[in-house]
Visitor: 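Before I ask anything, let me first share the structure, which is written out below as structure tokens.
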Amino acid sequence: QVQLVESGGGLVQAGGSLRLSCAASGRIFNMYAMGWFRQAPEKEREFVAAIRRSGSNIYYVDSLKGRFTISRDNAKNTVYLQMNSLKPEDTAVYYCAALPGIGRTSVPYSEYEWSYWGKGTLVTVSE
């Protein structure tokens, strides 16, 4: 089992920045990757970014490249999402997720393949 707890969300003006954190506990050494997803009001949850355990492989949804940066500190069992130049359309609940590594050779963008989830942290970007 893996437990994930997000923090760092809040209200920010457009153009501002936030850094989200995801503290992981449990059998995280079995995880192939850690990732961030988001769900805006009345929309489906979508992939944002992911990072392999070593940190050497990083994936972003194309639309967010250049503004969002994912990173991890394995010593602290924590994954981060630095979000810059925020826009009102970035308003969403942001979820941390963990992807088990058994038989895995790639990182899926579909939420249905990720096994563990945090409860989410709300990010609201005002005009």
Side-chain angles (χ1 to χ4, degrees):
Q1 283 284 43
V2 173
Q3 295 78 41
L4 305 171
V5 179
E6 304 96 336
S7 61
L11 175 64
V12 63
Q13 287 188 328
S17 299
L18 280 176
R19 188 176 81 155
L20 306 182
S21 299
C22 171
S25 60
R27 299 176 68 84
I28 58 175
F29 54 88
N30 284 339
M31 296 300 109
Y32 183 82
M34 301 291 293
W36 288 95
F37 288 73
R38 69 182 184 181
Q39 187 168 20
E42 301 182 357
K43 293 189 176 180
E44 294 186 353
R45 190 152 54 182
E46 64 173 354
F47 175 85
V48 173
I51 184 168
R52 292 272 298 273
R53 177 167 178 78
S54 66
S56 59
N57 297 84
I58 292 176
Y59 312 82
Y60 295 100
V61 64
D62 287 345
S63 60
L64 297 177
K65 284 181 181 177
R67 292 197 300 122
F68 287 19
T69 303
I70 189 171
S71 62
R72 66 188 296 164
D73 184 336
N74 286 339
K76 296 182 178 180
N77 293 334
T78 301
V79 179
Y80 304 98
L81 185 68
Q82 177 68 43
M83 305 184 295
N84 298 328
S85 302
L86 284 162
K87 304 175 181 180
E89 52 264 43
D90 294 319
T91 294
V93 177
Y94 285 72
Y95 296 92
C96 180
L99 181 70
I102 300 175
R104 182 77 56 191
T105 58
S106 63
V107 172
Y109 285 22
S110 169
E111 62 170 307
Y112 301 107
E113 297 196 48
W114 293 70
S115 297
Y116 302 98
W117 294 87
K119 293 183 178 181
T121 185
L122 176 63
V123 172
T124 304
V125 184
S126 62
E127 298 280 356

Visitor: Taking atom CD of Glu44 as the centre, does the number of heavy atoms from other residues, nucleotides or ligands within less than 6.0 Å exceed 12?
Guide: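 No.
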Visitor: Heavy atoms only: give me the nearest Leu81-Ala49 pair and the separation to one decimal.
Guide: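 Reported closest heavy-atom pair: CD1-CB, 4.4 Å.
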Visitor: OG of Ser115 to OH of Tyr32: how many Å apart, nearest 0.5 Å?
Guide: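 Reported to 0.5 Å precision, the distance equals 14.0 Å.
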Visitor: As an exercise, state the distance from NZ of Lys65 to CD1 of Ile58, rounded to the nearest 0.5 Å.
Guide: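 Rounded to the nearest 0.5 Å, the NZ-CD1 separation comes to 11.5 Å.
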Visitor: Donor-acceptor check, side chain of Arg67 to backbone of Ser85, threshold 3.5 angstrom: yes or no?
Guide: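 Side chain of Arg67 to backbone of Ser85: a pair is present.
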Visitor: Decide, yes or no, whether a salt bridge links Asp90 with Lys87 under the criterion of side-chain N to carboxylate O below 4.0 Å.
Guide: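 No.
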Visitor: Return yes if some donor-acceptor pair links the side-chain N/O of Thr78 with the main-chain N/O of Lys76 below 3.5 Å, else return no.
Guide: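 Side chain of Thr78 to backbone of Lys76: a pair is present.
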Visitor: Let me see the working for Lys119 and Glu6 under salt bridge (Lys or Arg N to Asp or Glu O under 4.0 Å), right down to the final yes or no.
Guide: CA-CA 7 Å; Lys119 293 183 178 181; Glu6 304 96 336; over 6 Å; no
Visitor: How long is the gap from OG1 on Thr69 to CE on Met83, to the nearest 0.5 Å?
Guide: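 Answer rounded to 0.5 Å: 11.0 Å.
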Visitor: Where do Tyr116 and Leu4 come nearest, in terms of heavy atoms and distance?
Guide: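 Heavy atoms of Tyr116 and Leu4 come nearest at O-CD1, 3.5 Å.
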Visitor: Could I get the full list of salt bridge (Lys or Arg N to Asp or Glu O under 4.0 Å) partners for Arg27, not counting sequence neighbours?
Guide: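 So Arg27 forms no salt bridge (Lys or Arg N to Asp or Glu O under 4.0 Å) with any residue.
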Visitor: Mind checking the CG-CD1 spacing from Leu20 to Ile70? Nearest 0.5 Å is all I need.
Guide: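 Nearest 0.5 Å value for the CG-CD1 distance: 10.5 Å.
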Visitor: Which heavy-atom pair separates Tyr109 from Tyr60 by the least distance, and what is that distance?
Guide: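 The pair with the smallest heavy-atom distance is OH-O, 3.4 Å.
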Visitor: State, to 0.1 Å, how close Ala24 and Ile28 come at their nearest heavy-atom pair, and which atoms those are.
Guide: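 Heavy atoms of Ala24 and Ile28 come nearest at CB-CG2, 3.7 Å.
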Visitor: Roughly how far apart are Lys43 NZ and Thr91 OG1, rounded to 0.5 Å?
Guide: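 One finds 10.5 Å between NZ of Lys43 and OG1 of Thr91.
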Visitor: Going through the checks in order, is the side chain to side chain contact (heavy atoms under 4.5 Å, CB included) test met by Glu46 and Phe37?
Guide: CA-CA 5 Å; Glu46 64 173 354; Phe37 288 73; 5.8 Å; no
Visitor: Quick check on Tyr112: does its OH atom have over 12 non-hydrogen neighbours (other residues, nucleotides or ligands) under 6.0 Å away?
Guide: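 It does not: Tyr112 OH has 12 such atoms or fewer within range.
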Visitor: When you look at Tyr80 and Cys22, which way does the side chain to side chain contact (heavy atoms under 4.5 Å, CB included) test go after all the steps?
Guide: CA-CA 6 Å; Tyr80 304 98; Cys22 171; over 6 Å; no
Visitor: Would you say Trp114's side chain and Pro108's backbone share a donor-acceptor pair under 3.5 angstrom?
Guide: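 Side chain of Trp114 to backbone of Pro108: a pair is present.
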Visitor: Arg45: what forms a salt bridge (Lys or Arg N to Asp or Glu O under 4.0 Å) with it, not counting sequence neighbours?
Guide: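 So Arg45 forms a salt bridge (Lys or Arg N to Asp or Glu O under 4.0 Å) with Glu111.
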Visitor: Taking all non-hydrogen atoms of both residues, which atom of Glu113 and which atom of Leu99 are closest, and how far apart?
Guide: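 Shortest heavy-atom contact: O-CD1, 3.2 Å.
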Visitor: Of the non-hydrogen atoms in Ala92 and Leu122, which two are nearest, and what is the gap between them?
Guide: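 Looks like O-CD1, 3.6 Å.
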Visitor: Would you say the side chains of Arg38 and Tyr95 form a donor-acceptor pair under 3.5 Å?
Guide: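 Side chains of Arg38 and Tyr95: no pair found under 3.5 Å.
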Visitor: Less than 4.5 Å apart, side chain to side chain, heavy atoms only: is that true for Val61 and Phe68?
Guide: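 Side chain of Val61 against side chain of Phe68, heavy atoms only: no contact under 4.5 Å found.
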Visitor: Look up atom CZ in Arg52 and atom CE in Met34, then write down how far apart they are to the nearest 0.5 Å.
Guide: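 Answer rounded to 0.5 Å: 14.0 Å.
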Visitor: Is any side-chain heavy atom of Val2 less than 4.5 Å from a side-chain heavy atom of Met31?
Guide: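 With C-beta onward as the side chain, the pair touches.
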